[in-house]
Amino acid sequence: MKRKSSKKGQKVCRWQSILALLMVSVMFLGACGQKDETGAADSNILTSEAEAQTEESSDGTSETTKEVDKSIYMDPSQNVETRVKALLEQMTLEEKVAQMMLPGQAALAASDVTDYGIGAALSGGGEAPATGNGPENWQGRVNELKQAALDSRLGIPLLYGVDAVHGHNNIFGTTIFPHNIALGAAADEALVEAIGEAAAEEVRATGIQWDFAPTLGNALNERWGRTYECFSEDYDLVARMGAAYIRGYQGERGTDAYLDDSHVLATAKHFIGEGYFTDGDDQGNVDMSVEDFDALLDSGVINPYTSALDEGVRIVMTMYGSVGGLKTHENKHLVQDLLKDELGFTGFVVSDYNAVQQNSGLTYKEQVTQAVNAGIDMIMDSDSWENVYNSILAAVEEGAISEERIDDAVTCILRVKFEAGLFEEKIGGETEQALMETIGCDEHRAIARQAVRESLVLLKNDKVGDVDALTALRNATDIQMSGQKAYDLGSQCGGWTISWQGMQGNITRGTTIIQGISDATKENGTGLSHDVAGELADGKDALIAVFGEVPYAEMKGDRSVDALTVSAKDKELLDNLRTALEGKDDIPKVAIIIAGRPLDIDEYFDMFDAVIMAWLPGTEGEGIADVLFGEYDFTGVLPYTWMKDAEDIYLKKDAALAGEEVDAEKVLFPIGYGLNKAGEQIVR
Ligand code: GLC
């Protein structure tokens, strides 16, 4: 099979073919005459969808211009497998391989999509189109690439994917929901499903049909920078929350809503075992033998994935990390044998971002070959899809990858595209235009605000005088808020917001914590001031300090034992506050922690009468005021065991693997811990 000529050569070839086609057409029409007076086409003119076959060009190369019969694969009344077969048998090897590409949009020309029939594209974290970061900018770029795919020889629709992991979080002005760790604390499946639905609407509004979410890891070492992307350390809670999110993103399996044009394809990620990396080292190793790891999966760690498959997830993303030293992106035992053969997964498996480059192969071609032969069907390579394309073609030519494996991979990809209705999708259609109204809308923000309320965990609420601290706070007349995070939308959103790593400051539309408290208290004339130096102004009869972590994502959030604490600026704030609060035993001192995980900060807890873990709440910071000053009670409980000292965190995995409890002496707050305003332990 001839590989595609170079792009330049191809262009010349194309014009010659068109010229040839025109000459042939003129001769053809001359022979058959024009449409007759009734206007009916002459019986000799091709009446099916088949298109005229063009001549071989003069230089002997030929474009992939086989006759195309769309009559079956473009017929939605046909069943999916029939459509897949009818399409696959018309595809050249090059067109099949082009379906296995997942390049970054920044490295992709629309003409490449048309010329090669590339089947997918992504925006990595924060990868906005060159035109700007508004919804219309995204919609324009996405639909440009989707149209280019329809203009290809076979017209196979393009899948566009993004990390909308807590709302359509790359784009300015969208609703940003609490990260998964907060949703694990709330543990409200109906709420998580509603969040998934809302996020899917905002994603589809921009033409994007695929979401690289939810993460289904159960993190056992919060030194890991992706702890907040996981719902819990408890894999059964992860399974419940993950299934609910998938149900929301995709619509419920078996209903008309399932994969309709207001929902998105979800992605179960990152397969599998990422919560067990040694010392929480992102992209690290699960230091276990194959046998022990299989036993661990059987003990329940596989549950989030079996639940996701039951919920109808059609795409799985493999993890960067390794098990027993073997990278998952070349682990056939886990991907092909377990996920596909044993669990019967019939969707497609996508690699993580440039992850195949970590495979053991000595060349890129070997690395890609290892991934494809392990069972990975689509290769996410942000900036060199040509390398992937040429590597796979070369590997097939050398027999390193069989054509059967290529057909298998493309069958899985086409199957999902047909199931998701992509061949019937109206680019920029009325549904999409209507969904534009949902971006950042009040209804979605109300759902996010509810999630903030339900995710707060009250860790301490001691007496101040003869009332509990939070009651004393509600009775206060002049409150001081301390800490830059009281007024920092970026910190309350955390990573994966506007940019990959997230950032501090006024990064999008939303409500800060202090704004929410101001709105909740101004009517009764309560004074409210803000300090970032850690001093206490005179006359204040209540203090709220907001502190924790600055935004991060993935490996940038990995922390050593000593660094698993508040940011440097907040440490300075707290040290100053400790001095300022000396002798102030008569006023309620409340701490609100903004962080993506339990921190080693119990040394500060004695400064405060009440301590609230608020996680990474997203844009609707007023959800905190709803509980502190409104009628709502605390309902959240810890989805992670909170150790007294970070140096003991490793004990959690050891205990989990041994099927034992962690030494209670070393635990600050157990998983499931949380108080209500009456001071009672919440029981789930
Ligand atoms: C990242 C993450 C993955 C994400 C992908 C695309 O490195 O590991 O969760 O979906 O790349 O941005």
Side-chain angles (χ1 to χ4, degrees), residues 101-108 120-129 138 142 159-171 179-181 199 203 208-219 224-231 238 242 245-246 249 264-275 277 280-284 304-305 308 313-322 327-329 347-359 371 376-385 388 494-502 551-558 596:
M101 307 291 104
L102 179 55
Q105 64 82 30
L108 193 56
L122 86 135
S123 280
E127 187 185 334
W138 281 76
V142 169
L159 250 183
Y160 198 104
V162 288
D163 298 277
V165 296
H166 62 141
H168 200 358
N169 39 249
N170 288 311
I171 297 182
H179 270 293
N180 287 355
I181 192 168
V203 170
I208 298 170
Q209 324 99 324
W210 179 14
D211 188 1
F212 307 138
T215 291
L216 299 180
N218 59 303
W224 183 36
R226 306 198 76 166
T227 298
Y228 69 77
E229 294 183 68
C230 301
F231 296 102
V238 172
Y245 230 152
I246 290 164
Y249 283 138
V264 292
L265 282 160
T267 309
K269 74 180 188 180
H270 310 80
F271 188 81
I272 188 171
E274 57 192 338
F277 291 147
D281 173 21
D282 187 41
Q283 305 186 7
Y305 283 88
V313 81
R314 303 302 290 138
I315 303 169
V316 172
M317 184 185 295
T318 32
M319 75 173 183
Y320 279 106
S322 51
K327 282 289 181 182
T328 308
H329 281 80
F348 71 81
V349 178
V350 62
S351 65
D352 202 337
Y353 196 92
N354 300 345
V356 300
Q357 296 170 27
Q358 297 182 19
N359 280 353
I376 292 172
D377 305 302
M378 188 182 282
I379 306 296
M380 184 191 303
D381 193 308
S382 61
D383 44 24
S384 77
W385 65 268
V388 183
W496 293 103
T497 314
I498 307 300
S499 67
W500 173 45
Q501 290 295 312
Y552 55 81
E554 300 192 51
M555 73 294 289
K556 305 281 187 186
D558 284 3

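Indexing begins at 1, ligand by ligand and atom by atom, following the structure's order.
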Query - Any donor-acceptor N or O pair under 3.5 Å, side chains Trp500, Glu554 - result: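 Yes, a side-chain donor-acceptor pair sits under 3.5 Å.
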
**Report entry** Side-chain donor/acceptor of Asn170 to backbone N/O of Glu127, under 3.5 Å
**Finding:**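 No, because the side chain of Asn170 does not come within donor-acceptor range (under 3.5 Å) of the backbone of Glu127.
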
Query - Side chain Asp558, main chain Gly225, donor-acceptor under 3.5 Å - result: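 Checking the backbone N and O of Gly225 against the side chain of Asp558, a donor-acceptor pair under 3.5 Å is found.
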
Looking at [X], which atoms of ligand 1 are within less than 4.0 Å of one of its heavy atoms?
X	answer
Phe212	10 (O)
His270	3 (C), 8 (O), 9 (O)
Asp352	1 (C), 2 (C), 3 (C), 4 (C), 5 (C), 7 (O), 8 (O), 11 (O)
Lys269	3 (C), 4 (C), 9 (O), 10 (O)

**Report entry** Nearest-0.5 Å distance that lies between atom CD1 in Ile181 and atom NE2 in His166
**Finding:**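 That separation rounds to 13.5 Å.
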
**Report entry** Euclidean distance, Thr318 OG1 relative to Lys327 NZ, rounded to 0.5 Å
**Finding:**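 Lys327 NZ to Thr318 OG1: 11.0 Å, rounded to 0.5 Å.
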
Query raised in the report: atom 1 (C) of ligand 1: which protein heavy atom is closest, and how many Å away?
Result: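 For atom 1 (C) of ligand 1, the nearest protein heavy atom is Glu554 OE2, 3.2 Å.
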
Requested in this report: Would you mind checking which non-hydrogen protein atom is closest to atom 7 (O) of ligand 1, with the distance to 0.1 Å?
Outcome: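 Atom 7 (O) of ligand 1 sits closest to the protein heavy atom Tyr320 OH, 3.0 Å.
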
Query raised in the report: Should Glu229 be listed as contacting ligand 1, given a heavy-atom distance under 4.0 Å as the test?
Result: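 Heavy atoms of Glu229 never come under 4.0 Å of ligand 1.
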
Query - Test side chain to side chain donor-acceptor pair (under 3.5 Å) applied to Tyr552 - qualifying residues, sequence neighbours left out - result: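 Side chain to side chain donor-acceptor pair (under 3.5 Å) list for Tyr552, sorted by chain: Glu549, Arg597.
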
Query raised in the report: Who passes side chain to side chain donor-acceptor pair (under 3.5 Å) against Tyr160, sequence neighbours left out?
Result: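 In terms of side chain to side chain donor-acceptor pair (under 3.5 Å), with neighbours along the sequence ignored, Tyr160 is linked to Ser123.
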
Query raised in the report: Does ligand 1 have a heavy atom under 4.0 Å from the side chain of Glu274, from its backbone, from both, or from neither?
Result: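 Neither part.
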
Query raised in the report: Between Val162, Asp163, Leu102, which one has a non-hydrogen atom sitting closest to atom 6 (C) of ligand 1?
Result: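 Nearest option to atom 6 (C) of ligand 1, by heavy atoms: Asp163.
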
